Amino acid sequence: MSAGAPAPSRRCAACGTELPEGFLACPSCGRLVHADALKALAAEADAADQAGDKSAALAKWRQALGLLPPSSTQHARVSERVRKLSLEVDTKKGDVDVESAPDAEPAAPAAERRAQRRRGPIYSALAAIGAALVKFKFAVLFLLAKGKLLLAGLLQAKTFLSMAIAVGVYAMAFGWRFAVGLIASIYVHEMGHVERLRHYGIPATAPMFIPGFGAFVRLNQRPATPREDARVGLAGPLWGLGAALVFLAVGHFAELKTCVAIARIGAWINLFNLTPVWQLDGGRAFNALSRTQRGMIAGLLWVLSLLRIDGMLFLLAIGATWRASRPDAPEEGDNGAFLEYTAIALALVAIVVVAK
């Protein structure tokens with residue numbers, strides 16, 4: 001049973017059967033234990049949807065999922081509703097190429113889609129670079145616009161206390177100025193995940209810091225689709241990129257070497273998180289990419305590696321090559337996640353070079 005679920009009666013309201021603890025449906029008559037709460041959530045979700053607040057509607061439907069037996073037809077219907085509404089949330093904000101999204105019907109004729117594929121890797125790589133130039137000239141403004149969310153996270157006692165402890169640990173090794181900047185950079189990265197999770201209606205806590213290991217956020221539900229998971233994963237490096245750009249600008253114009261160093265280390269940490277393995281942000285992004293898209297990113301990473309910009313790029317290139325060889329890639333990849341991953345990687349590499 002999900003956290004925060006209303007406490008059910010110990011007996012079924014329909015047949016009076018005693019209900020074992022944690023059951024979501026009556027074992028005798030099949031009546032849903034939280035039937036009344038589910039009706040209320042459905043009404044609230046519909047009201048939010050009609051008001052145009054897709055994220056609030058998503059949050060209500062996800063809450064309803066926690067009150068439904070996973071094997072029930074109702075759970076399957078609500079899951080499908082969540083997937084479609086998630087796509088609408090991104091489409092409304094212009095974050096998704098609806099034609100390429102797994103939940104949408106392809107709009108282009110088959111002949112046109114084949115022609116697009118024949119344009120090959122060079123065309124797609126140029127498109128990715130173009131997306132980087134367009135997307136990231138607004139990175140700093142995007143970060144500043146989310147100041148309210150960043151402040152709200154700092155007001156959480158556990159977050160602030162864990163941050164203070166982490167600053168103290170790093171200050172003993174690197175000095176308090178560098179420690180404060182480094183922790184601030186990591187905090188912004190984690191709040192990027194929080195913002196994107198809330199965008200999809202998934203409850204998430206403010207970050208908790210563990211000195212030497214970074215930080216993490218806790219959530220009660222997982223993203224419903226690989227596309228959602230990819231966007232949540234990439235939100236951290238995207239916000240981290242914004243933080244690195246701010247530190248780099250301050251360091252350059254104010255001639256503060258510490259800020260430049262923070263920008264470089266922050267960019268390096270976010271670049272490491274793009275390694276497409278395990279539960280790292282890059283690994284989650286690659287879950288939504290086709291084998292061709294994975295191979296194209298691997299090729300780009302190998303080129304950057306051979307330029308000897310930073311030795312860690314070899315790690316990313318090896319990870320991307322391994323993922324490209326795996327049979328778990330979807331047939332139709334997420335173009336939005338592909339372009340976003342490529343653009344973030346290129347921008348972070350540029351910061352690493354400039355901040356040397």
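Values below: every heavy atom of this structure, side chains too, minus hydrogens, waters and symmetry copies. Residue indices begin at 1 and follow the sequence shown. This structure is a prediction, so every number in the text was calculated from the model and none was measured.
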Exercise. Closest approach of Leu19 and Cys26, non-hydrogen atoms and distance?
Worked result: CD2-CA, 3.8 Å

For this session: Indicate if Ile202 and Met208 have the same hydrophobic cluster label, given that clusters are the connected sets of ILVMFWY residues with side-chain heavy-atom separations under 4.5 angstrom.
Result: no

Exercise. Which heavy-atom pair separates Ser86 from Arg227 by the least distance, and what is that distance?
Worked result: OG-NH2, 2.9 Å

For this session: Report yes if some heavy atom in the side chain of Ile351 is under 4.5 Å from a heavy atom in the side chain of Leu241; otherwise report no.
Result: yes

Problem set entry | Closest contact, heavy atoms only, Val232 versus Arg196 | CA-CG, 3.5 Å

Seminar exercise, completed: Between Glu228 and the options Lys84, Arg62, Arg222, the salt bridge (Lys or Arg N to Asp or Glu O under 4.0 Å) test singles out Arg62

Exercise. Side chain of Thr205, backbone of Arg218: donor and acceptor closer than 3.5 Å?
Worked result: yes

For this session: Treating Ile, Leu, Val, Met, Phe, Trp and Tyr as nodes and any side-chain heavy-atom pair under 4.5 angstrom as an edge, say whether Leu304 and Met312 lie in one connected cluster.
Result: yes

Problem set entry | Close side-chain approach of Val353 and Asp310, heavy atoms under 4.5 Å | no

Problem set entry | Inter-residue atom distance Phe286.CZ - Leu289.CG, 0.5 Å rounding | 5.5 Å

Exercise. Does any N or O in the side chain of Ser185 come within less than 3.5 Å of the main-chain N or O of Gly181, such that one atom is a donor and the other an acceptor?
Worked result: no

Exercise. For Cys12 and Ser28, what are the C-alpha separation, side-chain angles and deciding distance, and is it a side-chain contact (heavy atoms from CB on, under 4.5 Å)?
Worked result: CA-CA 9 Å; Cys12 176; Ser28 296; over 6 Å; no

Exercise. Is there a side-chain contact between Pro207 and Met191, using heavy atoms and a 4.5 Å cut-off?
Worked result: yes

Exercise. Between the main-chain N or O of Gln279 and the side-chain N or O of Arg284, is there a donor-acceptor pair closer than 3.5 Å?
Worked result: no

For this session: I would like to know whether Asp53 and Lys60 meet salt bridge (charged side-chain N to carboxylate O under 4.0 Å, His left out); could you show each step before the answer?
Result: CA-CA 11 Å; Asp53 192 345; Lys60 295 299 180 181; over 6 Å; no

Exercise. Side-chain contact, heavy-atom cut-off 4.5 Å: Ser290 with Glu331?
Worked result: no

Exercise. With hydrophobic residues grouped by side-chain heavy-atom distances under 4.5 Å, do Leu274 and Leu307 end up in a single group?
Worked result: yes

Exercise. Is there a donor-acceptor pair closer than 3.5 Å between any side-chain N or O of Arg294 and the backbone N or O of Arg323?
Worked result: yes

Problem set entry | Side-chain (Tyr200) to main-chain (Asp229) donor-acceptor, under 3.5 angstrom | no

Problem set entry | Pairwise side-chain contact, Leu234 with Trp239, heavy-atom cut-off 4.5 Å (strictly under) | no

For this session: Please check if Val82 and Leu32 belong to a single hydrophobic cluster, counting links between Ile, Leu, Val, Met, Phe, Trp and Tyr side chain heavy atoms closer than 4.5 Å.
Result: yes

Exercise. Hey, what do you get for CH2 (Trp61) to CG (Leu38), rounding to the nearest 0.5 Å?
Worked result: 9.0 Å

Exercise. Between Asp281 and His193, does a side-chain contact (heavy atoms from CB on, under 4.5 Å) hold up when you go through it step by step?
Worked result: CA-CA 10 Å; Asp281 298 333; His193 294 310; 3.3 Å; yes

Problem set entry | Atom pair CG (Leu271) and CD1 (Ile265), whose distance is rounded to the nearest 0.5 Å | 12.0 Å

Exercise. What heavy-atom pair brings His199 and Leu58 nearest, and what distance separates the two atoms?
Worked result: O-CD1, 4.3 Å

For this session: Using modelled atom types only, decide if a donor and an acceptor are shared between the side chain of Lys356 and the backbone of Ile309 within a distance under 3.5 Å.
Result: yes

For this session: Answer yes or no: does atom CZ of Phe216 have more than 12 heavy-atom neighbours from other residues, nucleotides or ligands under 6.0 Å?
Result: yes

Exercise. If only atom types and distance count, is the side chain of Asn270 paired as donor or acceptor with the main-chain N or O of Gly266 below 3.5 Å?
Worked result: yes

Problem set entry | N/O donor-acceptor pair under 3.5 Å between Ser305 side chain and Leu313 backbone | yes

Exercise. Taking the side chain from Thr159 and the backbone from Leu154, do they hold a donor-acceptor pair closer than 3.5 Å?
Worked result: no

Exercise. Is Arg198 salt-bridged to Glu195, cutoff N-O under 4.0 Å?
Worked result: no

Exercise. Are Ile165 and Tyr170 connected, step by step, through hydrophobic side chains (Ile, Leu, Val, Met, Phe, Trp, Tyr) whose heavy atoms are closer than 4.5 Å?
Worked result: no

For this session: To the nearest 0.5 Å, tell me how far Leu348 CG sits from Trp268 CH2.
Result: 12.5 Å

Exercise. What heavy-atom pair brings Ala57 and Ala48 nearest, and what distance separates the two atoms?
Worked result: N-CB, 3.7 Å

For this session: Nearest 0.5 Å please: distance from the CD atom of Gln63 over to the CD atom of Glu44.
Result: 7.5 Å

For this session: Give a yes-or-no answer on whether the side chains of Gln293 and Asp334 include a donor-acceptor pair shorter than 3.5 Å.
Result: no

Problem set entry | His252 side chain reached by Val260 side chain, heavy atoms, under 4.5 Å | no

Exercise. Are side-chain heavy atoms of Pro330 and Pro226 found at a separation under 4.5 Å?
Worked result: no

Exercise. So, does Tyr187 use its side chain to make a donor-acceptor pair with the main chain of Leu150 at under 3.5 Å?
Worked result: yes

For this session: Starting at CH2 of Trp176, measure out to OG1 of Thr258 and round the result to the nearest 0.5 Å.
Result: 9.5 Å

For this session: Report the C-alpha separation of Gln74 and Leu24 in whole Å, then their side-chain angles, then the decisive distance to 0.1 Å, and conclude whether the side-chain contact (heavy atoms from CB on, under 4.5 Å) test is met.
Result: CA-CA 12 Å; Gln74 296 94 331; Leu24 298 176; over 6 Å; no

Exercise. Taking it one step at a time, do Phe272 and Leu280 satisfy side-chain contact (heavy atoms from CB on, under 4.5 Å)?
Worked result: CA-CA 9 Å; Phe272 171 77; Leu280 293 177; 4.3 Å; yes

For this session: For residues Leu41 and His34, determine if any side-chain heavy atom of one lies less than 4.5 Å from a side-chain heavy atom of the other.
Result: no

For this session: Verify the neighbour count for atom CZ of Phe178: are there more than 12 heavy atoms of other residues, nucleotides or ligands below 6.0 Å?
Result: yes

Problem set entry | Exercise: identify the closest heavy-atom pair between Pro27 and Thr17 | CG-CG2, 4.5 Å

